[in-house]
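These notes concern the structure reproduced below.
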Amino acid sequence: MDNSGPSNFIQEIIEQDLRIGKHKSVVTRFPPEPNGYLHIGHAKSICLNFGLAAKYGGRCHLRFDDTNPRKESPEFVRSIMEDVRWLGYDWGEHLYYASDYFPGFYRYALQLIEQGQAYVCSLTPEEIRRYRGTLTEPGQNSPFRERSIEENLELFQGMKEGRFQEGRHVLRARIDMSSPNINMRDPVIYRILKADHHRTGDEWCIYPTYDYAHCLSDSLEGITHSLCSLEFEDHRPLYDWFLKQLGVECHPQQIEFARLNLNYTVMSKRKLTQLVQGGFVRGWDDPRMPTISGLRRRGYTPRSIRRFCDLIGVAKSDNIVDMSLLEYCIREDLNKLAPRVMGVLSPLRVVITNYPGDRTEELEAINNPEDESMGTRRLPFSRELFIERDDFREDPPGKYFRLAPGREVRLRYAYFITCDRVIKDQDTGEILEVHCSYDPQTRGGNAPDGRRVKGTLHWISARHAEKARVCIYDRLFSRPNPAQDEKKGLSLQDLLNPQSLQVTDNCLVEPGLSSARPGERFQFERIGYFCLDPESQPDRPVFNRTVSLKDTWAKIEKKMSNESGKK
RNA sequence: UGGGGCGUAGCCAAGCGGUAAGGCAACGGGUUUUGGUCCCGUCAUUCGAGGGUUCGAAUCCUUCCGCCCCAGCCA
């Protein structure tokens with residue numbers, strides 16, 4: 001988080017609290033439920049919570065909100081810790097699990113019962129729903145609401161000891177069935193769940209609900225500011241009610257902010273789980289997923305994600321951030337970091353007819369023009385090369401300044417070449433190869449006579465090229481707001497972008513690249529940023545395209561075709 | 001028709017009674033051996049709408065409109 005930048009409303013609250021002495025330091029927490037992988041929306045929360053703690057010299061806890069054993073697993077715990085760490089945050093000693101507090105929660109429940117503020121309700125789930133009333137009608141008191149404290153204690157004890165089946169009883173807070181806030185209509189705080197918990201095993205068969213457990217976890221840990229998303233705003237009165245009735249010493253302040261949405265993707269664990277389980281993506285870490293692990297595999301850096309979270313700000317209005325901002329952030333980072341290499345995605349053979357067939361020479365190339373300390377490397381050059389198919393046009397449109405018959409261009413760090421002849425398949429008309437001649441005077445890419453060329457192309461010596469597979473990713477969904485479309489009745493599946501993954505074999509990369517380390521990032525000059533996939537084999541490297549370079553030519557071309565379409 | 005929120009540019013977002021920051025996107029131009037980067041410039045006479053208070057309103061009051069969330073023994 002930027003230490004000097006403009007503040008958001010949460011920082012204002014914190015600074016005020018510090019100023020008036022309400023708190024001496026700041027304690028926040030990131031409280032995921034281990035029921036799925038983290039996504040970039042969580043990153044916003046992580047950056048906020050850890051960032052605030054760092055900025056104000058406090059601390060931030062990592063706490064697993066594991067109160068529902070049916071949905072949680074150690075795999076998710078593992079992945080969450082990995083992702084938070086990868087993002088660059090450290091919770092130090094402060095790793096907690098709500099499940100560690102189960103005994104305490106239980107004692108607090110006893111206290112509520114003794115205070116006459118909780119009761120065992122034996123209505124069925126359907127009955128509870130009916131008694132709850134509706135948005136416009138008040139609820140009705142449960143017939144079990146007036147059970148004696150002794151009976152409640154006895155029944156609750158029985159629940160804990162497993163004497164009842166699931167659904168037979170619940171423990172409810174005794175608040176107000178006619179509250180206009182439905183959350184206050186005697187919410188369930190304990191339910192019977194005969195499920196193995198990932199940490200407590202079969203020790204418990206009653207589990208606390210979120211509203212009850214969360215505020216107490218916060219309180220027990222001495223949290224000062226408990227940040228959560230907007231949909232919990234309605235729950236704040238409940239949060240405060242429990243802490244007040246229980247008379248705890250620490251009463252954190254819950255503050256709500258708007259969760260992150262990104263266009264052309266979805267950001268709910270339910271939907272992401274659906275994509276994974278339905279096999280629509282290859283897993284939680286599929287590079288098309290907005291998960292932290294997906295972004296990592298795609299080639300995003302932790303810093304670019306932190307920067308993104310900084311740029312989007314924190315406020316209370318619903319938002320859908322444009323994907324282009326995320327792309328801006330990764331380009332910004334990779335431009336400084338990524339070594340430049342040559343890679344040809346769709347190779348077209350070029351024969352330099354006046355270059356001897358038995359000759360090879362090495363030309364010096366700069367590894368990163370943004371960072372001189374990254375040095376240079378030598379690239380082999382020979383009579384037969386490959387260039388990008390897109391970089392040649394037999395019949396070039398206006399403003400196209402790449403290779404075309406009779407035209408001279410520069411091969412980056414090599415020579416000027418001129419196209420003399422196009423060899424085509426007699427039957428199909430497909431361009432098979434292009435014959436060019438080079439100017440030996442232009443070695444390195446400059447003409448001694450000062451003549452200029454408009455185009456500079458990337459290339460690879462045919463003899464020295466290494467094969468690679470390249471995965472090009474596009475937006476996962478074809479619609480900007482799939483979540484809303486789904487609400488209107490469309491199925492997520494139908495909203496997927498069928499072109500979101502395009503695998504191309506037979507790509508060629510410069511020598512040595514196929515032995516890059518998994519996760520290593522490069523800029524393929526003039527194309528984009530790529531990252532070696534962890535599933536690469538030594539003999540068959542797989543590169544994931546993280547993001548393309550900005551493509552002004554594509555824009556011009558599109559504009560030209562639009563204009564000609566109008567005519 | 002209950003309760004809770006939110007409306008500032010295509011997308012985020014500052015603004016806190018003194019005359020609309022910033023970023024992304026878009027669009028122009030310059031530099032360039034990446035049509036990349038970088039640099040320069042353009043982009044809200046108006047803040048959801050109307051009324052009111054005030055010398056002065058995006059900021060205060062008021063009415064209206066729109067959008068989001070809540071009726072799990074999920075979180």
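Since this is a predicted model, take the numbers as computed values, not measurements. Atoms considered below: every heavy atom in the structure, side chains included; atoms not considered: hydrogens, waters and symmetry mates. In the text below, chain A, chain B and the rest are named by the order of the sequence lines, each starting its count at 1.
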Can you check the distance between [N] and [M], where both ends of the measurement are the [atom1] atom (answer in whole Å)?
N: B:U32; M: B:U59; atom1: C1'; value: 47 Å
N: B:C61; M: B:A44; atom1: C1'; value: 25 Å
N: B:C27; M: B:G10; atom1: C1'; value: 13 Å
N: B:C47; M: B:C65; atom1: C1'; value: 16 Å
N: B:U31; M: B:A25; atom1: C1'; value: 23 Å
N: B:C24; M: B:C38; atom1: P; value: 9 Å

Minimum-distance nucleotide to [X] side chain [options: [options]]:
X: A:Arg129; options: B:G5, B:C12, B:G72; answer: B:G72
X: A:Asn335; options: B:C68, B:U37, B:A25; answer: B:U37
X: A:Ile128; options: B:C73, B:C70, B:G5; answer: B:C73
X: A:Ser324; options: B:C6, B:U37, B:C24; answer: B:C24
X: A:Phe401; options: B:C70, B:C6, B:G35; answer: B:G35
X: A:Asn68; options: B:G36, B:A75, B:G2; answer: B:A75
X: A:Tyr328; options: B:G3, B:C24, B:C73; answer: B:C24
X: A:Asn183; options: B:C11, B:C70, B:C73; answer: B:C70
X: A:Phe232; options: B:G72, B:A75, B:C70; answer: B:A75
X: A:Arg340; options: B:U34, B:G15, B:G35; answer: B:U34

With both distances under 3.5 Å as the test, what is the Watson-Crick or G-U wobble partner of [N]?
N: B:C64; value: B:G48
N: B:C38; value: B:G30
N: B:C73; value: none

Tell me: [atom1] of [X] to [atom2] of [N], nearest whole Å?
X: A:Phe9; N: B:G5; atom1: CZ; atom2: P; result: 12 Å
X: A:Glu126; N: B:G72; atom1: CD; atom2: C1'; result: 12 Å
X: A:Asp186; N: B:G72; atom1: CG; atom2: C1'; result: 16 Å
X: A:Lys71; N: B:C73; atom1: NZ; atom2: C1'; result: 12 Å
X: A:Phe257; N: B:G4; atom1: CZ; atom2: P; result: 22 Å
X: A:Arg331; N: B:C38; atom1: CZ; atom2: P; result: 11 Å
X: A:Asn446; N: B:U34; atom1: CG; atom2: C1'; result: 15 Å
X: A:Lys555; N: B:A25; atom1: NZ; atom2: C1'; result: 8 Å

At under 4.0 Å, does any side-chain N or O of [X] touch on OP1 or OP2 of [N]?
X: A:Lys269; N: B:A75; result: no
X: A:Ser317; N: B:A13; result: yes
X: A:Arg236; N: B:G4; result: no
X: A:Lys487; N: B:C69; result: yes
X: A:Arg132; N: B:G72; result: yes
X: A:Arg191; N: B:C74; result: yes
X: A:Lys559; N: B:G28; result: yes
X: A:Arg270; N: B:G72; result: no

- Task: With heavy atoms under 4.0 Å as the rule, sort A:Pro369 into base, sugar-phosphate or nothing.
- Result: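 Result for A:Pro369 = base.
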
- Item | Sugar-phosphate, base or nothing in reach of A:Arg452, heavy atoms under 4.0 Å |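 The residue A:Arg452 makes sugar-phosphate contact but no base contact.
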
- Message: Quick check: on RNA chain B, is the nucleotide nearest A:Val188 upstream (toward 5') of the one nearest A:Lys454, or the reverse? Name the residue that is more 5'.
- Response: A:Lys454

- Note on the structure: Of A:Ile192 and A:Ala554, the one whose nearest nucleotide on RNA chain B sits closer to the 5' end is A:Ala554

- Test ring-ring contact (aromatic ring centres under 6.0 Å, His included) applied to A:His198 - qualifying residues, sequence neighbours left out: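 Expected list: none.
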
[X]/[Y] ion pair, N-O < 4.0 Å:
X: A:Lys271; Y: A:Glu486; answer: yes
X: A:Glu231; Y: A:Lys316; answer: no
X: A:Asp186; Y: A:Arg132; answer: no
X: A:Asp100; Y: A:Arg199; answer: yes

- State yes or no: are the ring centers of A:Tyr529 and A:Phe524 separated by less than 6.0 Å? no

- Message: Measuring from atom CD of A:Glu372 to atom CG of A:Asn367, what distance do you get when rounded to the nearest 0.5 angstrom?
- Response: 11.5 Å

- Should we count NZ of A:Lys454 as having more than 12 external heavy atoms under 6.0 Å? no

- Have a look at B:G72 and give me syn or anti from its glycosidic angle (syn if within 90° of zero).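 Here the answer is syn: the torsion falls within 90° of 0.
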
- Aro-ring/base stack A:Tyr210-B:A75, d under 5.5 Å, angle under 30°: no

- Message: Considering only residues two or more places apart or on different chains, which pairs with a residue in residues 440-449 of chain A satisfy salt bridge (Lys or Arg N to Asp or Glu O under 4.0 Å)?
- Response: A:Glu361-A:Arg443, A:Asp449-A:Arg451

